[in-house]
Amino acid sequence: QVQLVESGGGLVQPGGSLRLSCAASGRFFRINAMGWYRQAPGKERELVAVIIRGGSSNYADSVKGRFTISRDNANNTVYLQMNSLKAEDTAVYYCKADALNWMAASLRTFEYWGQGTQVTVSS
């Protein structure tokens with residue numbers, strides 16, 4: 001089982017910055033892709049950014065140039081640096097990890113989610 005613990009959310013004014021962190025712990029063979037998703041009130045959960053173990057990343061168009069995802073493989077931690085925040089970035093942000101674990105003598109990929117952290121952008 002894998003536990004994801006997020007931190008770094010809060011209230012920030014438009015134009016401000018926040019840095020989210022998500023640390024994975026528990027039993028797993030290896031963490032592959034890690035990512036951030038968000039869900040605003042009344043909307044579906046959407047991908048914000050994802051990064052694979054080798055460092056390649058992808059971003060939602062709405063955050064390109066403002067958000068940066070990074071990871072520390074040694075500590076199984078993923079970060080999301082959010083700059084130039086806008087009111088429309090307000091949402092609960094969730095961390096997701098794809099972890100390899102042994103099942104029936106073979107490695108399988110399992111998805112794990114964090115509990116979410118609130119980001120509110122308001123003046």
Note to self: Return the CD to CD1 distance between Q81 and I69, rounded to the nearest 0.5 Å.
What the structure shows: 12.0 Å
Notebook entry, point to check: With sequence neighbours excluded, what pairs up with S122 under the side chain to side chain donor-acceptor pair (under 3.5 Å) test?
Noted result: none
Next item on the list: Output all residues satisfying side chain to side chain donor-acceptor pair (under 3.5 Å) with S17, sequence neighbours left out; order by chain, then residue number.
Entry: N83
Note to self: Check this for me: does any side-chain nitrogen of one of K64 and D61 sit under 4.0 Å from a carboxylate oxygen of the other?
What the structure shows: yes
Checklist line | Summary of disulfide (SG to SG under 2.5 Å) pairs that have at least one residue in residues 72-117, sequence neighbours excluded | finding: C22-C95
Checklist line | Pairs flagged by salt bridge (Lys or Arg N to Asp or Glu O under 4.0 Å) wherever residues 11-20 is involved - sequence neighbours left out | finding: none
Check: Residues in salt bridge (Lys or Arg N to Asp or Glu O under 4.0 Å) with R30, at least two apart?
Finding: none
Next item on the list: Hey, could you give me each pair passing ring-ring contact (aromatic ring centres under 6.0 Å, His included) that has a residue in residues 104-123? Not counting sequence neighbours.
Entry: Y37-W113
Notebook entry, point to check: Among pairs that include at least one residue of residues 23-77, which meet disulfide (SG to SG under 2.5 Å), considering only residues two or more places apart or in two chains?
Noted result: none
Checklist line | By side chain to side chain donor-acceptor pair (under 3.5 Å) - contacts of T120 (at least two apart) | finding: Q118
Next item on the list: Can you run down the ring-ring contact (aromatic ring centres under 6.0 Å, His included) pairs that involve residues 50-86, sequence neighbours left out, and say none if there aren't any?
Entry: none
Check: Which pairs, with at least one residue in residues 39-53 and sequence neighbours excluded, count as a side-chain hydrogen bond (donor to acceptor under 3.5 Å, both in side chains)?
Finding: R38-E46
Notebook entry, point to check: What's in the same ILVMFWY side-chain cluster as F29, cut-off under 4.5 Å, chained through other members?
Noted result: L100, W102, L107
Next item on the list: Kindly write out the residues that satisfy side chain to side chain donor-acceptor pair (under 3.5 Å) with D72, not counting sequence neighbours, or none if the list is empty.
Entry: N75
